[in-house]
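Beneath this line is the structure, given in structure tokens, with notes to follow.
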There are 2 protein chains.
Amino acid sequence: MTATGIFDGIAPAGPGSGPLYLRLGRAIEAAIDSGRLGPGDSLPPEREIAGRTGLSRVTVRKAVQSLVLSGRLVQRRGSGTFVAPRMERLEQALSRLTSFSEDMARRGKAVRSVWISRQIRLATPEEMMALGLTAEDRVANIERVRHADGVPLAIERAVLPTAILPDPAAVDASLYAALAARGLRPCRAVQRLSATNLAAADAALLAVAPGAAGLRIERISYLASGRVVEFTRSLYRGDAYDFAAELRLSDEPEGEP
Amino acid sequence: MTATGIFDGIAPAGPGSGPLYLRLGRAIEAAIDSGRLGPGDSLPPEREIAGRTGLSRVTVRKAVQSLVLSGRLVQRRGSGTFVAPRMERLEQALSRLTSFSEDMARRGKAVRSVWISRQIRLATPEEMMALGLTAEDRVANIERVRHADGVPLAIERAVLPTAILPDPAAVDASLYAALAARGLRPCRAVQRLSATNLAAADAALLAVAPGAAGLRIERISYLASGRVVEFTRSLYRGDAYDFAAELRLSDEPEGEP
DNA sequence: TAGTGGTCTAGACCACCAA
DNA sequence: TGGTGGTCTAGACCACTAC
């Protein structure tokens, strides 16, 4: 379906205000919001939009780019530009220490991991800090892209002391399962979340546009003894994940117990 | 300071691989990482970079734009392009129900709120769902930009049943203080976090580039009685905030206690 | 007033995909 | 092979800032 009439009133003399690329962007977005363009529908070729609106192709591309960035459109070279399919957002509790594999299994999703790296190497200064190691210590480094039902959802880069995980190749689908087999499953973790624009390389791994918003999560996990188990830096697709947290009013002053 | 020699090896015949705008972007980023360009330093004008590298200004702008998006550069029209100042990241606990004002006061920050809107209006369908209202019910709508030490950090859009807050104009610096004065301070809340690219309007309110990553937080707060107090949708600057959460292994099935 | 970033154009070539 | 998006250019005008 190629909606007609969406591109009226964009021309320099037309109504609306502000830069032309913003006006065109709003017009396309309105067409999606109103349902005149539905998920999977194709937009006309950039050259045709340019012709119809009287704009240059550069300007059309600038308008489209902003919508690609915000995840409303998808572009495929050699194929076309399409309205992005409705993305089902996955919700994850922020207070329970679960593993990705178990989490997805509970939802009935087919999990797949694409390995980026699985090796033993020296710890970086940041990792030494997090894991409490020295410059001579080595770490098991595990990096993978997590998929659920074929959709890449997250990049996970974990480092563990070799004392905890001597052989990273032993990790199959679930890191926590491998740890549990050794009796070293963490029972507590501290996480830090922030939002970031995905760099080109990470964006490619997650099949989103460079610069798309992602959730960066750093997690340090501990055994009951207080020993550090893992230091994991993950990048989640911003359009695919919701993290849920429950807050309680605490009158106690902050500080170590 | 205007570093020289940063722009070598960018020309079409030069080394490196991939699109020219990516090569130039990497070169500038490397100059920042290596310290040859420090916070506050200015880049040469776009036209000069174009001249030195043999690229067109459009290509130079594309390279610079990606760094502006990721927050490494700041552009000021009529003035120039500068390396972004180091941003101090604020950390906030995700398990404690605190108010922005109190949180910042505890850190010794000067808090300021810029009001966007303060009104009584009908509830939208989404707000009816969240607050448990009907189509006839009205809500107090409070929208403001939160600043700490002069830096815009978050956009906060709260709606409350008029039964809870009959007069939104009574809210001064702190919403929670106003509620506490009426004996209606929430003691529990459920939050959902996700990452998103900030739309142009929101980005402008937060003084970041359009498309920059932001953290979207939806919060529904409750009284001890279970009555809903507020439904708040906030957008936090991705470059300014870290949210911290502690996770525990829970073997119990999920559900209400 | 001079210089900066912001917008816009017309046209070109390349890489990729589908028929 | 024809059409699509991806990259790139040279040049123009505007809006704003600093002086």
Side-chain angles (χ1 to χ4, degrees), chain A residues 2 7 10-14 16-26 28 40-69 72-84 200 203-204 207-211, chain B residues 2 7 10-14 16-26 28 40-69 72-84 200 203-204 207-211:
Chain A
T2 303
F7 305 102
I10 306 295
S17 68
L20 297 173
Y21 74 94
L22 285 181
R23 281 197 243 173
L24 176 56
R26 283 194 296 263
I28 298 174
D41 287 353
S42 70
L43 259 67
E46 293 171 350
R47 290 164 179 83
E48 188 181 327
I49 298 180
R52 282 207 223 167
T53 55
L55 303 175
S56 74
R57 194 180 151 212
V58 175
T59 303
V60 171
R61 279 182 63 74
K62 200 168 177 182
V64 169
Q65 264 315 111
S66 68
L67 295 179
V68 170
L69 197 66
R72 311 218 50 175
L73 296 178
V74 177
Q75 286 187 302
R76 285 198 288 275
R77 163 149 52 173
S79 177
T81 302
F82 308 85
V83 178
V208 296
Chain B
T2 304
F7 305 102
I10 304 295
S17 67
L20 298 172
Y21 73 95
L22 284 181
R23 283 197 241 172
L24 176 56
R26 282 195 296 263
I28 298 174
D41 287 353
S42 69
L43 258 65
E46 293 172 350
R47 291 166 179 81
E48 188 181 327
I49 298 180
R52 281 207 225 168
T53 56
L55 301 175
S56 75
R57 195 180 150 214
V58 175
T59 303
V60 170
R61 280 183 62 76
K62 200 168 176 182
V64 169
Q65 264 315 112
S66 68
L67 294 178
V68 169
L69 196 67
R72 309 219 50 173
L73 296 178
V74 176
Q75 286 187 302
R76 284 199 287 275
R77 163 152 45 175
S79 177
T81 303
F82 308 86
V83 178
V208 294

Length of the [atom1]-[atom2] vector between [X] and [N], whole Å:
| X | N | atom1 | atom2 | value |
| --- | --- | --- | --- | --- |
| B:Leu24 | D:dT9 | CG | P | 11 Å |
| A:Arg23 | C:dT7 | CZ | C1' | 12 Å |
| B:Leu20 | D:dT9 | CG | P | 6 Å |
| A:Glu48 | D:dT4 | CD | P | 8 Å |
| B:Ile49 | D:dA10 | CD1 | C1' | 18 Å |
| B:Leu22 | C:dC14 | CG | C1' | 16 Å |
| A:Leu43 | D:dG5 | CG | C1' | 13 Å |
| A:Gln65 | D:dG5 | CD | P | 11 Å |

Requested in this report: Give the intermediate values and the outcome of side chain to side chain contact (heavy atoms under 4.5 Å, CB included) for residues B:Thr53 and B:Leu20.
Outcome: CA-CA 10 Å; B:Thr53 56; B:Leu20 298 172; over 6 Å; no
Taking the side chain of [X] as heavy atoms from C-beta outward, which of [options] is closest to it?
| X | options | answer |
| --- | --- | --- |
| B:Arg61 | D:dT7, D:dG5, C:dT7 | C:dT7 |
| A:Gln75 | D:dG5, C:dT4, D:dT9 | D:dG5 |
| A:Tyr21 | D:dT17, C:dC8, D:dT9 | C:dC8 |
| A:Glu46 | C:dG5, D:dT4, D:dG6 | D:dG6 |

Check whether any side-chain nitrogen or oxygen of [X] sits under 4.0 Å from OP1 or OP2 of [N], and answer yes or no.
| X | N | value |
| --- | --- | --- |
| B:Ser56 | D:dG11 | no |
| A:Thr59 | C:dT7 | no |
| B:Thr81 | C:dG5 | yes |

Query - Qualifying residues under side chain to side chain donor-acceptor pair (under 3.5 Å), relative to B:Ser56, sequence neighbours excluded - result: B:Thr59
Query - Residues forming a side chain to side chain donor-acceptor pair (under 3.5 Å) with A:Gln65, sequence neighbours excluded - result: none
**Report entry** Residues that A:Arg72 engages under salt bridge (Lys or Arg N to Asp or Glu O under 4.0 Å), provided they are two or more places apart
**Finding:**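 Result, salt bridge (Lys or Arg N to Asp or Glu O under 4.0 Å) vs A:Arg72: A:Glu29, A:Asp33.
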Query - Test side-chain contact (heavy atoms from CB on, under 4.5 Å) applied to A:Arg47 - qualifying residues, sequence neighbours left out - result: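 If we apply the side-chain contact (heavy atoms from CB on, under 4.5 Å) test to A:Arg47, skipping adjacent residues, the hits are A:Arg57.
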Requested in this report: Go through the structure and list residues passing side-chain contact (heavy atoms from CB on, under 4.5 Å) with A:Arg76, not counting sequence neighbours.
Outcome: A:Val74, A:Ser79, A:Phe82
Report task. Specify the residue among A:Lys62 and B:Ser79 whose closest nucleotide of DNA chain C lies further upstream toward the 5′ end. Result ->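 Checking each residue's closest nucleotide, the 5'-ward one belongs to B:Ser79.
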Set out, line by line, the N/O atom pairs under 3.5 Å between protein and nucleotides 12-14 of chain D.
unit_1, atom_1, unit_2, atom_2, d
D:dA12, N6, B:Arg57, NH1, 3.4

Query - Residue pair B:Leu22 / B:Arg26, side-chain heavy-atom distance below 4.5 Å - result: yes
